[in-house]
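As structure tokens, the structure follows; a few thoughts come after it.
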Protein chains: 2
Amino acid sequence: MAETKTTGARRGEATREAIEAAAVDLFAERGYHATSMREIASAAKVQPAAIYHWFDSKEKILTRLQDDFMDRLEAAVEEAVAAEATPPGQLAAAVREHVVFHGLHAREAFVTDSEIRALSTRPRNRLIARRDAYQTMFRQMIEAGVKSGDFTISNPAVASYAILLECTGVALWYDPKGALALDEIAAIHVELVLGSLGAAPKVAGRTGARKERR
Amino acid sequence: MAETKTTGARRGEATREAIEAAAVDLFAERGYHATSMREIASAAKVQPAAIYHWFDSKEKILTRLQDDFMDRLEAAVEEAVAAEATPPGQLAAAVREHVVFHGLHAREAFVTDSEIRALSTRPRNRLIARRDAYQTMFRQMIEAGVKSGDFTISNPAVASYAILLECTGVALWYDPKGALALDEIAAIHVELVLGSLGAAPKVAGRTGARKERR
DNA sequence: AAACTTCATGAACGACCGTTAGGTTATTGA
DNA sequence: TCAATAACCTAACGGTCGTTCATGAAGTTT
């Protein structure tokens, strides 16, 4: 037997996913406050009230998207870093994975980044703390590289800001149908980042393929 | 005689400025859509209806802020570039001025950048075109530097994206009460940018003070 | 087959939104 | 002195917002 009868869908968990997918698209395109629950419902093909069966509130949809994105980003980058031994190799792997991940999940990345201020105090502070911890990871890799003599820059904190900004920004302009493939873009950013840190050219991590150890 | 009597202010052009100042603060803090005309009016110490004596609509307040910012940014950077002769010198000057300007006018910069989507089609396309032209200026300086042999990178277009993202992002984290002065931050960014382009260290434009010719 | 749970519906709630109509007051120019 | 104008007010408009309520069909458990 099928699942539809006289009334609408009855889809179970698939509805939750449809709501999330609709929300991330709309939040990314118009912004959180410019998107109404009715628009999300319409895009997910349910009535507005049905959303409240799956989410407590509009804000909960947003925090779910953001938490999921951070979970997966952290896991992906930490795994990439763990496969490398030297500071330049680790940073190169982190940058490469960060860029690829932001290209593959550009909408989620953009929403996570740009809608922090839409959150109320508690979830906002939580997300800021997570983002700060993530940033600290990069700063420590840079500091390790300075200590080991691989990098020569004056201010690791500012460098970490700058690096994450340029790499995160890939989510703003990357076009899957564009001339450059995502791993090319990632490789260029590794090149730019290592160059900006004064790393000796071609030292560690300036690789093409993935999962490679130099 | 003073200017206040029984009823409220009667301030003339000063009211317009109060409205703009209130709007830029609120737009930067909460976002365009999360800010109501009543909140702007309250912060500017007028009644909501008074805003419409100075602005046609809420959107016109936003476009005014964005246009003003772009006007002043372009003027400042173009002047800084005009004082330099070589590609590395020009790019260094542009980066330095861009960073300083984004630090000094962080709220305006943030609103101009992040609220493009809030605009309706026509003003949005206008602003995007201006931003693209600004970006092109940077890309051409990079290409000139590659051609002259001062820079060694594989992709000037991606480099221009990355550079502008990291420099624009200063508006997101710069704190006037922080440990670093704005011209220090600018100098660090010049260092990072020239490094990422593979410029020979200390070549051209790595200066400290302003209005200096090297 | 009866009771319960899950998933969704249609209709409505009060609050707030951007904007406007129309009146009032202070200042200016003839 | 007096009309004209600029600057601002109070009040309200229609519309949309996030959310809730009451209801009920379908599926599951007992």
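Quick caveat: nothing in here was measured; it's all calculated off a predicted structure. Sequence lines set the chain letters: A, B, ... in the order given, protein chains first and strands last, and positions in each chain run from 1.
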Step by step, would you call A:H98 with A:L164 a side-chain contact (heavy atoms from CB on, under 4.5 Å)? CA-CA 9 Å; A:H98 182 97; A:L164 280 175; 3.7 Å; yes
Apply the test salt bridge (charged side-chain N to carboxylate O under 4.0 Å, His left out) to residues B:K58 and B:E115: give CA-CA distance (whole Å), side-chain angles for both, the deciding distance (0.1 Å), then the verdict. CA-CA 13 Å; B:K58 187 185 178 187; B:E115 298 294 4; over 6 Å; no
Side chain of A:A49: nearest nucleotide among D:dC9, C:dG18, C:dA11? C:dA11
Partners passing ring-ring contact (aromatic ring centres under 6.0 Å, His included) against B:F151 (at least two apart in sequence or in another chain): none
With a 4.0 Å limit, can you tell me whether B:S36 has a side-chain N or O closer than that to the phosphate oxygens OP1/OP2 of C:dC17? yes
Which nucleotide in the list C:dA8, D:dT19, D:dC9 gets nearest to the side chain of A:M37? D:dT19
Test log, rule salt bridge (charged side-chain N to carboxylate O under 4.0 Å, His left out), inputs A:K60 and A:D67: CA-CA 10 Å; A:K60 278 286 171 65; A:D67 286 342; over 6 Å; no
Atom CD of B:E13 and atom P of D:dC8 are separated, to the nearest Å, by 10 Å
Under a 4.0 Å threshold between the charged nitrogen and the carboxylate oxygen, would A:R64 count as salt-bridged to A:D56? no
Identify the residue among A:M141, A:H189, A:Q90 that makes a side chain to side chain contact (heavy atoms under 4.5 Å, CB included) with A:V95. A:H189
Go through the structure and list residues passing side chain to side chain donor-acceptor pair (under 3.5 Å) with A:R30, not counting sequence neighbours. A:E39
Proximity to DNA chain C (any heavy atom under 4.0 Å), residues of residues 53-64 of chain A only: A:H53, A:W54
Which residues satisfy the side chain to side chain donor-acceptor pair (under 3.5 Å) test with B:R16, sequence neighbours excluded? none
Can you sort out the partners of B:F101 under ring-ring contact (aromatic ring centres under 6.0 Å, His included), two or more places apart, ordered by chain and number? B:F69, B:H105
Please state how far atom OH in A:Y52 lies from atom P in C:dG10, giving the value in whole angstrom units. 17 Å
What is the distance, to the nearest angstrom, from the CD atom on B:E17 to the P atom on D:dA7? 13 Å
Let me know the distance between CD1 of A:I51 and P of C:dT6, rounded to the nearest Å. 20 Å
Can you tell me if A:Q47 touches the phosphate of C:dA8, counting only side-chain N or O atoms and a distance under 4.0 Å to OP1 or OP2? no
Show each protein N/O and nucleotides 12-15 of chain D N/O combination with a separation under 3.5 Å, one pair to a line.
unit_1 : atom_1 : unit_2 : atom_2 : d
D:dA12 : N6     : B:R38  : NH2    : 3.4

Can you tell me which nucleotide in D:dT10, D:dC8, D:dT20 comes closest to the side chain of B:T15? D:dC8
